[in-house]
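Taking it in order: structure first as structure tokens, then the write-up.
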Amino acid sequence: MEKTIINKTSEFVRKKLSDDCSGHDWWHCYRVYKIATRIGKIENADLFIVKLSALLHDISDWKFNNGDEKLGGKIAGRWLKSIGVDNGTISSVCEIIDALSFKGNDSIAKMRTLEGMVVQDADRLDAIGAIGIARAFAYGGYKHRNIYEPGVKPKKHQNFEQYKKNKGSTINHFYEKLLLLKGLMNTKTAKKIATGRHFFMENFLKEFFEEWDVSS
Ligand code: ADP
Ligand code: NI
């Protein structure tokens with residue numbers, strides 16, 4: 001029964017997000033689902049809630065939903081009801097989806113449940129390391145951002161509105177968000193994975209600046 005629900009939900013998400021180029025594609029959801037399951041097993045979380053929340057977490061992102069931050073939860077809830085999932089599970093999953101988006105520096109989304117913490121960690125892990133680097137430049141291109149703009153300093157965002165309006169380079173995004181994620185992991189298991197991915201990004205940046213600043 002749970003397996004059928006997971007399979008149907010994967011199919012639903014895959015169809016809905018198949019042509020996204022902004023880093024919220026089906027494969028992002030699939031990777032988050034895989035690593036959330038791995039972390040959830042080690043951390044003894046409820047895997048059914050973890051899996052459903054991971055699969056559905058980007059079904060409607062705030063950057064694309066005209067300001068309705070709760071739309072993702074609504075779409076997910078409607079979907080889960082339509083395939084006969086119980087109300088308790090639906091409310092746990094919707095709570096996680098609504099709380100998930102990272103909102104700039106000061107208003108970091110706090111998760112109430114272990115399952116929420118696991119999915120949040122999994123989503124953040126997919127934003128760092130080699131895949132995180134690839135996603136950042138893909139998203140930057142999608143938003144017509146430069147790779148790097150010497151002289152334009154990274155900004156510390158005071159609030160969510162500033163974060164949304166930011167038009168900096170993708171390299172700045174590393175300092176504004178990606179390098180902060182390691183310190184925000186909720187679970188021990190994710191912290192360990194994040195350490196390796198963080199180190200990889202630091203080396204990438206080191207190499208990037210070395211190549212950029214080559215003396216003539
Ligand atoms: P998610 O909803 O999956 O947590 P986001 O919506 O914050 O992630 O971003 C999706 C991807 O795009 C992430 O890999 C993120 O690092 C990247 N991204 C978000 N904002 C920017 C930006 N200003 N410049 C470059 N990449 C960005
Ligand atoms: Ni995501």
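Whatever order the structure lists ligands and atoms in, that order sets their numbers, starting from 1.
- Remark: distances from the non-hydrogen atoms of H28 to ligand 1 include one below 4.0 Å.
- Of all the atoms in ligand 1, the ones that sit under 4.0 Å from a non-hydrogen atom of A136 are 25 (C), 26 (N).
- Looking at ligand 1, you'll find an N or O of R135 within less than 3.5 Å of one of its N or O atoms.
- Looking at H57, its N, O or S atom nearest to the Ni ion (ligand 2) turns out to be NE2.
- Counting heavy-atom neighbours within 6.0 Å of F137 CZ, excluding the residue itself, gives a total above 12.
- Within a 6.0 Å sphere centred on CD1 of I147, heavy atoms belonging to other residues, nucleotides or ligands number 12 at most.
- At least one donor-acceptor pair closer than 3.5 Å links the side chain of S53 to the backbone N or O of I49.
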What do the steps show when you test W26 against V13 for side chain to side chain contact (heavy atoms under 4.5 Å, CB included), and what is the final call?
CA-CA 7 Å; W26 155 246; V13 175; 3.8 Å; yes
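- Note on C29: not counted as a metal contact of the Ni ion (ligand 2), no N/O/S atom lying under 2.8 Å.
- Every atom of ligand 1 is numbered from 1 in the order shown, and the set under 4.0 Å from a heavy atom of L178 is 16 (O).
- With a 4.0 Å cut-off on non-hydrogen atoms, D58 touches ligand 1 through its side chain and not its backbone.
- Residue K8 qualifies as open at atom NZ: its count of foreign heavy atoms under 6.0 Å is 12 or below.
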For side chain to side chain contact (heavy atoms under 4.5 Å, CB included), just list the numbers for I5 and F48, CA-CA rounded to whole Å, side-chain angles, deciding distance to a tenth of an Å, and then say yes or no.
CA-CA 9 Å; I5 288 168; F48 188 47; 3.9 Å; yes
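- By the 4.0 Å N-to-carboxylate-O rule, E11 lies close enough to R14 to be salt-bridged with it.
- Looking at ligand 1, you'll find an N or O of D123 within less than 3.5 Å of one of its N or O atoms.
- The N/O atoms of D126, backbone and side chain alike, include none that comes under 3.5 Å of an N/O atom in ligand 1.
- When you scan the N, O or S atoms of D58 for the one nearest the Ni ion (ligand 2), you land on OD2.
- Contacts between E176 and ligand 1 below 4.0 angstrom, taking non-hydrogen atoms only, are absent altogether.
- Taking the Ni ion (ligand 2) as the corner point, the angle from D123 atom OD1 to H28 atom NE2 is about 90° (rounded to 10 degrees).
- A side-chain donor from one of D86 and T89 sits under 3.5 Å from a side-chain acceptor of the other.
- D121 pairs in a side-chain contact (heavy atoms from CB on, under 4.5 Å) with only one of the listed residues (E43, M111, M185), which is M185.
- Between the side chains of D123 and Q120, not a single donor N or O lies within less than 3.5 Å of an accepting N or O.
- Ligand 1 places these atoms under 4.0 Å from at least one heavy atom of K177: 5 (P), 7 (O).
- Among the atoms of D126, none of the N, O or S atoms falls under 2.8 Å from the Ni ion (ligand 2).
- Proximity of K143 to ligand 1, defined as any heavy-atom pair under 4.0 Å, is not found for any part of the residue.
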